[in-house]
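If you read the sequence from its start, that first residue is 1, and numbering goes on from there.
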Amino acid sequence: MIGFEDYHTEVRAIEREITLLGMALRVDWNDAAAVRQLACQAMDCRLDGEDAHVKSGDRLRLTHIKLFGAAQLMLTVMEKSASRGIDIHGGPVWKAFGRALWAEARSRTECAGTDGA
């Protein structure tokens, strides 16, 4: 079937990658404060070809970057499936990280709305 995508399989594979990267970073997905800090780092991550951490081969930073990229991919897959009326859910690791990302995004939006009003 042309255009068929197995979103459920994609989500499971991405969550597996997020879980493995989290293990490498020693993330405790049950520690809401630590996961929120990770979400903050993800929201602040901006890369270009001149990123010194990438050029230096800093493994810790590269692992964070891979984790943040996997999170972005998860959001993209979920958005794409939702736009096609397909309801998918991540597992416990994604739910913990996703909640923290949404909370951080809401916090930043609220702060941006009060900075001069």
request  = Kindly work out whether a path of hydrophobic side-chain contacts (I/L/V/M/F/W/Y, heavy atoms less than 4.5 Å apart) joins V93 to L20.
outcome  =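 No.
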message = Please say yes or no: joined through hydrophobic side-chain contacts below 4.5 Å, possibly via intermediate residues, are W29 and L25 part of one cluster?
response =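 They do share one cluster, since a chain of ILVMFWY contacts under 4.5 Å joins W29 to L25.
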Check whether any side-chain heavy atom of [X] lies under 4.5 Å from a side-chain heavy atom of [Y], and answer yes or no.
| X | Y | result |
| --- | --- | --- |
| I88 | V77 | yes |
| M78 | W94 | yes |
| I14 | I18 | yes |
| H64 | F68 | yes |

ask   = How far apart are the C-alpha atoms of D87 and H89, what are their side-chain angles, what is the distance that settles it, and do they pass the side chain to side chain contact (heavy atoms under 4.5 Å, CB included) test?
value = CA-CA 7 Å; D87 188 28; H89 303 279; 3.3 Å; yes
ask   = Can you list the steps and then say if R16 with T19 is a side-chain hydrogen bond (donor to acceptor under 3.5 Å, both in side chains)?
value = CA-CA 5 Å; R16 187 172 36 255; T19 301; over 6 Å; no
key: Step-by-step side chain to side chain contact (heavy atoms under 4.5 Å, CB included) determination, R61 to C45   = CA-CA 10 Å; R61 179 66 176 156; C45 184; 3.5 Å; yes
key: Salt bridge R108-D44, side-chain N to carboxylate O under 4.0 Å   =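 Counted as a salt bridge, because a side-chain N and a carboxylate O are separated by less than 4.0 Å.
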key: Euclidean distance, E17 CD relative to E15 CD, rounded to 0.5 Å   =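 Those atoms lie 11.5 Å apart.
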ask   = How far does CG of L75 sit from CD of Q72, to the nearest 0.5 angstrom?
value =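 Those atoms lie 5.5 Å apart.
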request  = Give the intermediate values and the outcome of side chain to side chain contact (heavy atoms under 4.5 Å, CB included) for residues I86 and K80.
outcome  = CA-CA 9 Å; I86 300 169; K80 193 172 181 183; over 6 Å; no
key: Flag for R84-S81: side-chain donor and acceptor within less than 3.5 Å   =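 Checked: S81/R84 side chains show no N/O donor-acceptor pair below 3.5 Å.
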key: For G90 against V11, the heavy-atom pair lying closest together   =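 For G90 and V11, the tightest heavy-atom pair comes out as CA-CG1, 3.9 Å.
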Please tabulate, for the side chains in residues 32-41, all donor-acceptor contacts under 3.5 angstrom to protein atoms that are two or more places apart in sequence or on a different chain.
residue : atom : partner : partner atom : Å
R36     : NE   : E104    : OE1          : 2.8
R36     : NH2  : A103    : O            : 3.4
R36     : NH2  : E104    : OE1          : 3.2

